[in-house]
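We count residues from 1, following the sequence as given.
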Amino acid sequence: MAPKNAFSYVLAIVLASLYMASADPDILVDYIVPPNVTNVTADYFTYTGLRGVIGGAPPTNFTLTVVTMIEFPALNGQSVSYAFLQFPPLSVNAPHSHPRGSEILLLLSGTLDVFLVDTNLKFFTKTLEKGDMFLFPKGLLHYQYNSNAKNQANALSAFGSANFGRVSVPEALFNTSVPDIILAKSFNTDVATIQKIKNGFGAKA
């Protein structure tokens, strides 16, 4: 591959989700029942998987607990899902995007710095306080950072999709099989530096 095409190659991989946004299909029934469910009760519409997370011992690293149609099958066809985000002091939810759903984040405790980049490369940032909400439009690159050195931050995010998807920029670049030479040329560095970064992710060969 010619060097002049290197940047386009890696950009296509990292930013694909920014331009390939899709929506959940409409359903023609009240709700979708999996084939293995023969008797629908209130239990089918109830999810208890967050009981041990919310109010539990705080994690030592950023922790994302998702509730999509995979974890909670009743969400299938309802165009909604959730995630509970726990930020220990000085932790980050690395740059990423959600190709299938917009995200609205509600800060439950602490303070949180949020960041957003649109397709014109305009950068938005805001420091949220408890009770504040922030919208991340579908497919756009964003991240969050708890810059407080002492206090944890917790947030709850709702998504406009039953299976919103998540594309992590660091993981997509450095924990996949993107050739080292492509990354080196794209970031104007050398292969040794790229390999050092990849080693930190336990990247694939």
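Remark: Leu105 CG to Leu156 CG distance equals 8.0 Å, nearest 0.5 Å. Remark: Asn188 CG to Leu183 CG distance equals 13.0 Å, nearest 0.5 Å. Atom OG of Ser79 sits about 11.5 Å away from atom CG of Asn163, to the nearest 0.5 Å. Between the CG atom in Leu112 and the CZ atom in Phe134 there is a gap of 10.5 Å [rounded to 0.5 Å]. One distance of note links CE of Met133 with CG of Leu107; it measures 11.0 Å at 0.5 Å rounding. Leu135 contributes atom CG, which lies 11.0 Å from atom CZ of Phe124 (distance to the nearest 0.5 angstrom).
The shortest heavy-atom contact between Ala153 and Thr111 is CB-O, 3.5 Å. When all heavy atoms of Ala172 and Val167 are compared, the closest pair comes out as CB-CG1, 4.4 Å. Smallest separation of non-hydrogen atoms from Lys198 and Thr176: NZ-O, 4.0 Å. Annotation for Pro95 and Pro170: closest pair O-CD, 3.5 Å, computed over non-hydrogen atoms. Across all non-hydrogen atoms, the minimal contact from Ser161 to Asp24 is OG-OD1, 2.9 Å. Nearest heavy atoms, Tyr82 versus Ala158: CE2-CB, 3.8 Å.
By the criterion of side-chain heavy atoms lying less than 4.5 angstrom apart, applied directly or through intervening Ile, Leu, Val, Met, Phe, Trp or Tyr residues, Ile32 is not grouped with Met69; the two fall into different hydrophobic clusters. Phe115 and Leu121 fall within the same hydrophobic cluster, defined by Ile, Leu, Val, Met, Phe, Trp and Tyr side-chain heavy atoms under 4.5 Å apart, directly or through other members. If you chain together hydrophobic residues whose side chains sit under 4.5 Å apart, Val66 and Val80 never meet in one group. Residues Ile27 and Phe164 are members of separate hydrophobic clusters, defined by side-chain heavy-atom contacts under 4.5 angstrom among Ile, Leu, Val, Met, Phe, Trp and Tyr. The hydrophobic cluster containing Ile197 also contains Val178, counting ILVMFWY residues as joined when their side-chain heavy atoms lie under 4.5 angstrom apart, directly or transitively.
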Before you tell me yes or no, could you show the steps for Leu108 and Phe84 under side chain to side chain contact (heavy atoms under 4.5 Å, CB included), namely the whole-Å CA-CA distance, both residues' side-chain angles and the distance that decides it to 0.1 Å? CA-CA 10 Å; Leu108 302 176; Phe84 184 59; 3.8 Å; yes
Working note: Arg166 + Asn93, criterion side chain to side chain contact (heavy atoms under 4.5 Å, CB included); need CA distance, chi angles, decisive distance, verdict. CA-CA 12 Å; Arg166 185 177 189 276; Asn93 183 11; 2.5 Å; yes
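Leu140 places a side-chain heavy atom less than 4.5 Å from the side chain of Thr119. Val40 is listed as a side-chain neighbour of Phe45, based on a closest heavy-atom distance under 4.5 Å. Taking 4.5 Å as the limit, some side-chain heavy atom of Ser157 sits within range of a side-chain heavy atom of Leu85. Asn76 has its side chain out of reach of Tyr31: every pair of non-hydrogen atoms, C-beta onward, lies at least 4.5 Å apart.
A distance-only check finds no donor-acceptor pair linking the side chain of Ser97 to the backbone of Leu141 [under 3.5 Å].
One side chain, Asn154 or Ser109, offers a donor N or O that lies under 3.5 Å from an acceptor on the other. Using modelled atom types and a 3.5 Å distance limit, the side chains of Asp190 and Thr193 yield a donor-acceptor pair.
In this pair, Tyr143 and Phe123 present their aromatic rings tilted. The plane angle is within the 30 to 60° band.
Between His98 and Phe159, the ring center distance clears the sub-6.0 Å criterion.
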Can you give each donor-acceptor pair under 3.5 Å made by side-chain atoms of residues 51-63, sequence neighbours left out, with the distance rounded to 0.1 Å?
{"unit_1": "Thr63", "atom_1": "OG1", "unit_2": "Asn61", "atom_2": "O", "d": "3.0"}

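Applying the ring-ring contact (aromatic ring centres under 6.0 Å, His included) rule to Tyr47 yields the partners Phe72; only residues at least two apart in sequence or on another chain are considered.
Around CD of Gln195, the count of heavy atoms belonging to other residues, nucleotides or ligands within 6.0 Å exceeds 12.
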